[in-house]
Structure formats: structure tokens, C-alpha cells
Amino acid sequence: MPLTLHHMGLSQSERIIWLAEELGLDYQYVHHKRDPIFAPKSLKDLHPAGTAPVMEDDSSPVTGSKVVLGESGAICDYLIAVHGNGRLAPTPKDGATYTHFLEWYHFANGSFQPTFLRIMMTRGADPSSPVVVSTMAKLDQHLTMINVRLAETGAYLAGEDLTAADIMILFSLTTMRGFIPVEYDTEKHKHLLAYLKRVSERPAYQKAMKICEGEEFEPLIGAKVELCSIMRKPTL
Ligand SMILES: N[C@@H](CCC(=O)N[C@@H](CS)C(=O)NCC(=O)O)C(=O)O
């Protein structure tokens, strides 16, 4: 099996397993355990970024040799273009769906996930400090943008169908909340909550989350969430 997909528990690499399941790809799965919350040596040995996800393609049709990629967006683009026949990535011939796709696909890791990282970095800071106030205002703005867009489509970010934009953003809207317990408002964020339920009913998403986090794992799709166990350890 030439494709190997590396996932680290409760991390952004769930995107890649979900994408592979949506595309019906044949791949070998490798699970890496956090050490204790950071990437273990097994992952650092694979790629200089030392983060999850990592993809290995032993005999890439593009280069004729082995390709190793880190960075979720790059892996998504590669898998879709090289092994996925372009599925889940609208193109200019799809009209407005394409322009929406482009914006949300890049918003996911370019703006939205960094907002969560900013919140993480300001944990414990004075809630009235300008940096915390502006970060929380940014989160509120982003959640409103997402909710408004989902009210427009009634389905997915780019339009009627799931695209890689949804696959890129979902980690931040769900599993990331195990690290930063952001709550959603059942009225203000109702379209967002309906979207999370919609996604969670997709067989490929369900299968991917079981592969990544085990049979018992419940995706964090509700309005309220709790910190994941690794964040509850008193040493952290
Ligand atoms: N922008 C990168 C971020 C990758 C990243 O930071 N992954 C985290 C998991 S969510 C990680 O591996 N953290 C462990 C560490 O930095 O030691 C991507 O999307 O692939």
C-alpha cells in the first residue's frame, strides 16, 4: 500500500483520515500518541515540522519517487489532485461554489485555527486585557461569519455539497474545543450546530473519528464541551 497517513491523537490530522475516507482511498494508518501533549519522537522523525499530520506516498505518480508531506492543506491538495481525481475541490467551472470554496478552504487554517491558538496562548491572562478582549471578539466574529454562511447554504460551506473546506475547518469547530472549551449558543449559532450534526452523520466522518480516537469517542459537536483528559492533568 503506497500511501501512509500519520495521525496524532486529538489533533488536526483527523482531517486527513476523514478526507481519505470520503475519497475512498486505500491507505495504511499509523497512530502516534502525544508525549505528553506534544508530538512524540516517532512523528518528529518523519518530517522537520515535527507535527501531525504527515503523509508518505512511497511511489508518487508525480515525482516517481517517495513524497513526504506535512501541513494539512498541502496534504489535502495532494491527495485530492493525485489520488482523488479532483473530488471535493470545486474548480472555476463550478462558478460561485468555487469562489466560496477557495475562501473557506483558506480561512480554515489561515484565520480560524490561529484564533484558537491565540486563545490558547492567552489562557490565564487577565480577561479584560486588550489582547484577550480582541481575541475573543475575533472568535465571536468568526463564529458569526460561519453561522451566516451556513444559514445561506443550509448545507456546507461552499454550497450544497461537502468540500475540502469543510474537512479543513471541522477540527477547529469540534476537537479543538477539547483544548479550548468554546461554547456555542443554541440560538446565535444554530446553523453552525445543525451543520456539525449534519457532518457527524456522514459515514466517512464517523469511520474516520473511530479510526483516529477509538470506538468510544464522541465528537465534540454539541453546544457545550469539556476539556479533554490530557488538558485536565494538573501538571499541564
Ligand atoms: N498548520 C499545521 C499545524 C500542525 C500542528 O501544529 N499540529 C499539531 C497537532 S493539532 C501538532 O502536531 N502539535 C504537536 C507539537 O507541536 O509538538 C497543519 O495544519 O498541518
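Numbers for residues simply follow the sequence, beginning at 1. Atoms considered below: every heavy atom in the structure, side chains included; atoms not considered: hydrogens, waters and symmetry mates. All ligand and atom numbering here is 1-based and tracks the order in the structure.
With hydrogens left out, the protein atom closest to atom 20 (O) of ligand 1 is S72 N, 2.8 Å, a heavy atom. Protein heavy atom closest to atom 4 (C) of ligand 1, with residue, atom name and distance, is A52 O, 3.3 Å. When hydrogens are left out, the protein atom nearest atom 2 (C) of ligand 1 is E71 OE2, 3.2 Å; that is the closest non-hydrogen contact. Atom 14 (C) of ligand 1 has its closest protein heavy atom at A39 N, 3.4 Å. Counting protein heavy atoms only, atom 16 (O) of ligand 1 is closest to T51 CG2, 3.7 Å.
The shell of residues lying under 4.0 angstrom from ligand 1, judged by heavy atoms, includes R15.
Ring-plane geometry between H32 and H6 is classed as tilted, the angle between the planes lying from 30 to 60 degrees on a 0 to 90 degree scale. Classification of the Y29-H31 ring pair by plane angle, with boundaries at 30° and 60°, yields tilted.
In this model, a donor atom of one side chain and an acceptor atom of the other lie less than 3.5 Å apart for Y27 and E21. Between the side chains of H189 and E183, no donor-acceptor pair is found at a separation under 3.5 Å. For N147 and Y184, the side-chain atoms include no donor-acceptor pair closer than 3.5 Å.
Interface atoms of ligand 1 facing P53, defined by a heavy-atom separation under 4.0 Å, are 20 (O). Near M8, meaning under 4.0 Å from any of its heavy atoms, are these atoms of ligand 1: 9 (C), 11 (C), 12 (O), 13 (N), 14 (C). Counting atoms of ligand 1 from 1 in the listed order, those under 4.0 Å from a heavy atom of S11 are 9 (C), 10 (S).
Under the 3.5 Å distance criterion, the side-chain polar atoms of R15 are left unmatched by any main-chain donor or acceptor of S72.
Between C76 and L19, the closest side-chain pair of non-hydrogen atoms falls below 4.5 Å.
Residue-level proximity to ligand 1 for N109 is carried by the side chain, the only part with a heavy atom below 4.0 angstrom.
Polar contact with ligand 1: present for Q12 (N/O pair, distance under 3.5 Å).
A salt bridge links K188 to D140: at least one charged side-chain nitrogen sits closer than 4.0 Å to a carboxylate oxygen.
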